[in-house]
Each structure stands twice: as structure tokens, then as C-alpha cells.
Amino acid sequence: MKSILYASVLAVSAMLVFPANAQVGEDVVRSDDRVEAALENSEFAWEIDADGDFRLLLEFDDDRSQVLFVNSHTNQLGDMEVREVWAVATASEVGFNAETMEQLLRQSAKVKLGGWSIQEMGDQQLAIFRAQVSANAAADALNTTIIAVATTADEMEKELLGTDEF
């Protein structure tokens, strides 16, 4: 089950980076050197995936772990260039019930950074915790964002599933 869910997370990563109308043979998105420089001296285990994004695996003291992505692709908002840091907490083939949706919404109001979203992928819905950070964020700021996103997603995963799937 974990490998199927992990494959789903990788597929979503690809969908977020490449537009649906991307043509075969177009240049592959390069990884962002700014993220790589920020992660170089971090404590995190990371790799660059086929999409040029950074895939991290954070391991916690309670024998749990969380897969997290830092997108190389950035977006402009006025004069700001931002990137997304995100992690999946749970997936559903039948959609999420009202109680779960309310739980995600209420937690979004309590966190200091980021929020929950629902992403459809094929016949699944994923609950994803996302945070935007400056594309030029210093290493400390990016690392703090990574820890916040991974911790929040893992805590919700534990609460909703009671397992460690992501």
C-alpha cells in the first residue's frame, strides 16, 4: 500500500510541475540552484527528482517519517517570487467526508505558515499541506518551512490514518 501511495505522490509532483499541454521533447525543468545551496548544509536527506524538484525524507524521533517536496518551479506575485513546499497527509478514492474537511480547515486556521488543500489526481483525492516561501529564502528560513510542513502533514496523517504511509 505504501508503494502505491508513494507512486501517487510522485505522479502528483509531476503534474504540478509540467502543464498538461507540455510536449514530448521539451526541456525538462532544471532544479533550482538556490534550493540546492540552501539544502547543502542541512540535516535533511534529499534528492532531485526527474521533474527537477527536491524530494526530502524527514525522519522523526517517534519512528515516523514524512516525504516532502520543495518545488524548483516558482511563481511571481507582484514583485515577489515564491515557491511551494508541500507534503501529502492522506489520500482517498471516495473523497473526504465533511468531518475530515472541517478538521483540515480548522487546522489551517491555527497554523502559522501554510494551509491544507485537496488535490485531485486521477481517481484519488489527496490532502496536501502547502506553504509558500520566498524563492530567495535564506537556508534557515527554507529549513524552518520544511520542518513546519513535514511536521504538520505527518501529525495530520497520524491523526487521520494512525499509520505512516507518506
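In this text, all values refer to a predicted model and were calculated from it rather than measured experimentally.
Between Leu58 and Asp154, the closest side-chain pair of non-hydrogen atoms is not below 4.5 Å. Between Met101 and Ile118 the shortest side-chain heavy-atom distance falls below 4.5 Å. Arg130 is not listed as a side-chain neighbour of Val149, based on a closest heavy-atom distance of 4.5 Å or more. A 4.5 Å side-chain heavy-atom check between Phe44 and Asn143 finds at least one atom pair inside the cut-off. Residues Met80 and Gln132 have side chains not in contact (no heavy-atom distance under 4.5 Å, counting atoms from C-beta outward). Between Leu39 and Ile146 there is a side-chain heavy-atom pair separated by less than 4.5 Å. Looking at heavy atoms from C-beta onward, Leu160 lies in side-chain contact with Gln103 at the 4.5 angstrom threshold. No side-chain heavy atom of Val88 sits under 4.5 Å from any side-chain heavy atom of Val67.
Nearest heavy-atom pair, Trp116 versus Ala153, reported as atom, atom and distance to 0.1 Å: CH2-CA, 3.8 Å.
In this structure a side-chain-to-backbone donor-acceptor pair under 3.5 Å is missing from Arg83 to Thr74. Between the side chain of Ser92 and the backbone N or O of Gln125, no donor-acceptor pair lies under 3.5 Å.
Classification of the Trp46-Phe54 ring pair by plane angle, with boundaries at 30° and 60°, yields tilted.
A donor-acceptor contact closer than 3.5 angstrom is absent between the side chains of Gln107 and Glu155.
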